[in-house]
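Below, each value reflects all heavy atoms present in this structure, side chains not excepted, and no hydrogens, waters or symmetry copies.
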Amino acid sequence: MNYTSMMITGGAGFIGSNFLEYLLKDVGLTIPIVVVDLLSYCGNQENIKFAYEYPNVKFIKLDICNKAKMDEIAYFNRVDVIINFAAETHVDRSIWDSTPFLINNVFGTLTMLEVAKMRKVRRFVQISTDEVYGSLSDSEPGFTEEHLIKTNSPYSASKASADNFVQAYHATYGLDTVITRCSNNYGPRQFPEKLIPLLIMNANEGKDIPIYGDGKNVRDWIYVKDHCKGIYKALTDGKSGEIYNFGGECEKRNIDIAKLVLSKMGKNEDLIKYVTDRPGHDWRYAMDITKAKKELDWNPETSFEEGMGKTIDWYLSNKKWCDAVLCDEYKQYYAKQYGAKR
């Protein structure tokens with residue numbers, strides 16, 4: 001890689017911290033890396049403790065919407081590539097209150113694009129989601145990069161808007177941009193509001209496992225390290241102005257994942273409790289990853305069985321992490337949503 005200094009926004013979050021770990025431990029990257037994160041409820045310094053021993057990594061706590069400060073950081077650190085993970089990501093939260101999603105996902109991305117333009121960075125990578133494509137029926141083929149945008153939640157609307165700004169800056173200002181869109185991730189350090197860590201933690205404590213509707217909604221699942229490898233491939237080999245889909249080619253119904261977790265953990269299925277479905281709940285996501293395979297020579301490598309085994313083991317071995325990241329604000333949110341306390 002020919003870049004000389006990197007900025008990772010949202011680097012203390014789930015995917016951002018795993019990407020940082022992949023760069024340091026697998027790629028062996030030694031260029032200066034500036035990690036910027038506001039450390040809101042789902043971004044936590046616990047996630048990047050492993051990076052403290054690397055002299056090329058600098059952490060700065062800051063809101064990416066602070067244009068003057070972000071520009072200053074980019075200037076003084078001579079940043080020539082930005083990877084933007086920073087975002088509000090939970091669909092349920094966007095239904096509860098969509099304003100933070102507009103501010104962080106749209107205005108935050110726009111701020112970083114302005115910084116990239118002013119500092120003439122050589123590449124801007126936007127981390128997006130398959131949810132911008134909307135929903136599929138059981139018989140439809142997977143989303144391709146040419147699929148029309150059709151958002152059904154405030155979260156997906158905010159991510160689609162951010163993607164549009166990225167494409168606009170490429171077309172209008174000639175900014176070198178790449179957008180990646182991925183299916184559902186799972187793995188270490190995912191915040192416990194998401195399905196798989198919530199299943200594991202509740203099952204371990206013998207608590208109810210809330211499943212929306214009838215549990216038959218389908219998602220395509222990818223182990224987070226496989227996604228990180230794809231992001232790195234898009235960074236180094238992706239064509240300017242292009243979009244790349246990443247997925248695990250692993251479609252699972254929510255209820256089947258719940259039963260799998262309970263089985264692996266030796267728990268009874270009577271912990272499953274069906275709850276009122278959320279508004280605008282997309283039925284099915286599936287990704288066509290042909291483009292990433294052909295242009296980036298990338299493939300998902302981790303089977304769902306292997307990845308779930310690693311994920312369950314990680315959460316059961318890191319209870320202190322779980323306790324540390326579950327702040328009071330989230331506990332209150334959880335109680336409001338599901339009528340229970342963690």
* To do: Please say whether more than 12 non-hydrogen atoms of neighbouring residues, nucleotides or ligands are located less than 6.0 Å from NZ in Lys267.
  => yes

* To do: Please name the pair of heavy atoms, one in Asn77 and one in Ser5, separated by the smallest distance, quoted to 0.1 Å.
  => O-OG, 2.9 Å

* Asked: Linking I/L/V/M/F/W/Y whenever any side-chain heavy atoms sit under 4.5 Å apart, do Phe50 and Phe19 land together?
  -> yes

* Asked: After noting the C-alpha distance and the side-chain angles of Met112 and Gln126, does the key distance pass the side-chain contact (heavy atoms from CB on, under 4.5 Å) rule?
  -> CA-CA 10 Å; Met112 294 312 304; Gln126 172 72 3; over 6 Å; no

* When you look at NZ of Lys264, are more than 12 heavy atoms from neighbouring residues, nucleotides or ligands closer to it than 6.0 Å? -> yes

* Give the intermediate values and the outcome of side-chain contact (heavy atoms from CB on, under 4.5 Å) for residues Thr89 and Ile15. => CA-CA 11 Å; Thr89 63; Ile15 303 176; over 6 Å; no

* Given Leu262 and Ile272, is the side-chain contact (heavy atoms from CB on, under 4.5 Å) satisfied, shown in steps? -> CA-CA 9 Å; Leu262 291 169; Ile272 296 173; 3.7 Å; yes

* With hydrophobic residues grouped by side-chain heavy-atom distances under 4.5 Å, do Leu38 and Phe14 end up in a single group? -> no

* Run the numbers on Arg119 and Asp71 for salt bridge (charged side-chain N to carboxylate O under 4.0 Å, His left out), then give the verdict. => CA-CA 8 Å; Arg119 292 298 141 216; Asp71 182 54; 2.7 Å; yes

* Quick one: side chain to side chain donor-acceptor pair (under 3.5 Å) pairs with a partner in residues 219-230, sequence neighbours left out? -> Asp26-Lys225, Ser183-Asp220, Asn185-His227, Arg219-His281, Asp226-Thr302, Lys229-Glu301

* Once you round to the nearest 0.5 Å, how far does OG of Ser17 lie from CD of Gln190? -> 10.5 Å

* Approximate separation, where rounding is to 0.5 Å, of Thr177 OG1 and Phe124 CZ -> 8.5 Å

* To do: State the CG-CD1 distance between Asp37 and Ile8, to the nearest 0.5 angstrom.
  => 11.0 Å

* Linked, directly or transitively: Tyr75 and Tyr3 (ILVMFWY side chains, under 4.5 Å) -> no

* Asked: Is there a side-chain contact between Thr109 and Ser161 (heavy atoms, below 4.5 Å)?
  -> no

* Got a sec: does the NZ of Lys117 have more than 12 other heavy atoms crowding it under 6.0 Å? -> yes

* Tell me, yes or no, whether the heavy-atom count around Tyr274 atom OH, taken from other residues, nucleotides or ligands under 6.0 Å, exceeds 12. => yes

* **Closest contact, heavy atoms only, Ile209 versus Ala203** => CD1-CB, 4.1 Å

* **Flag for Ser158-Asn105: side-chain donor and acceptor within less than 3.5 Å** => yes

* Asked: Using a distance-only test with no angle check, is there a side-chain donor-acceptor pair under 3.5 angstrom linking Thr144 and Asp288?
  -> no

* Would you please test Met7 and Val115 for side-chain contact (heavy atoms from CB on, under 4.5 Å) and show each step? => CA-CA 11 Å; Met7 178 185 285; Val115 170; 5.7 Å; no

* Structure fact -> Output for pair (Ile73 CD1, Leu62 CG), nearest 0.5 Å, gives 5.0 Å

* Arg181 CZ to Glu131 CD distance, which is reported to the nearest 0.5 Å -> 12.5 Å

* Would you call Asp138-Arg284 a salt bridge at under 4.0 Å N-O? -> no

* To do: Examine Leu102 and Leu113 and state if one hydrophobic cluster contains both, with Ile, Leu, Val, Met, Phe, Trp and Tyr joined whenever side-chain heavy atoms are less than 4.5 Å apart.
  => yes

* To do: Just do the side-chain hydrogen bond (donor to acceptor under 3.5 Å, both in side chains) check on Asn56 and Thr30 with the steps written out, would you?
  => CA-CA 6 Å; Asn56 60 317; Thr30 57; 5.9 Å; no

* Asked: Above 12 or not: heavy atoms from other molecules or residues under 6.0 Å from CG of Asp270?
  -> yes

* Nearest-0.5 Å distance that lies between atom OG1 in Thr180 and atom CZ in Phe246 -> 6.0 Å

* Is the ring centre of Tyr285 less than 6.0 Å from the ring centre of Tyr133? -> no

* Asked: Between Ile312 and Trp321, is there a shared hydrophobic cluster once you connect ILVMFWY residues whose side-chain heavy atoms come closer than 4.5 Å?
  -> yes

* Asked: How about Tyr169 and Glu114: does a side-chain donor come under 3.5 Å of a side-chain acceptor?
  -> yes

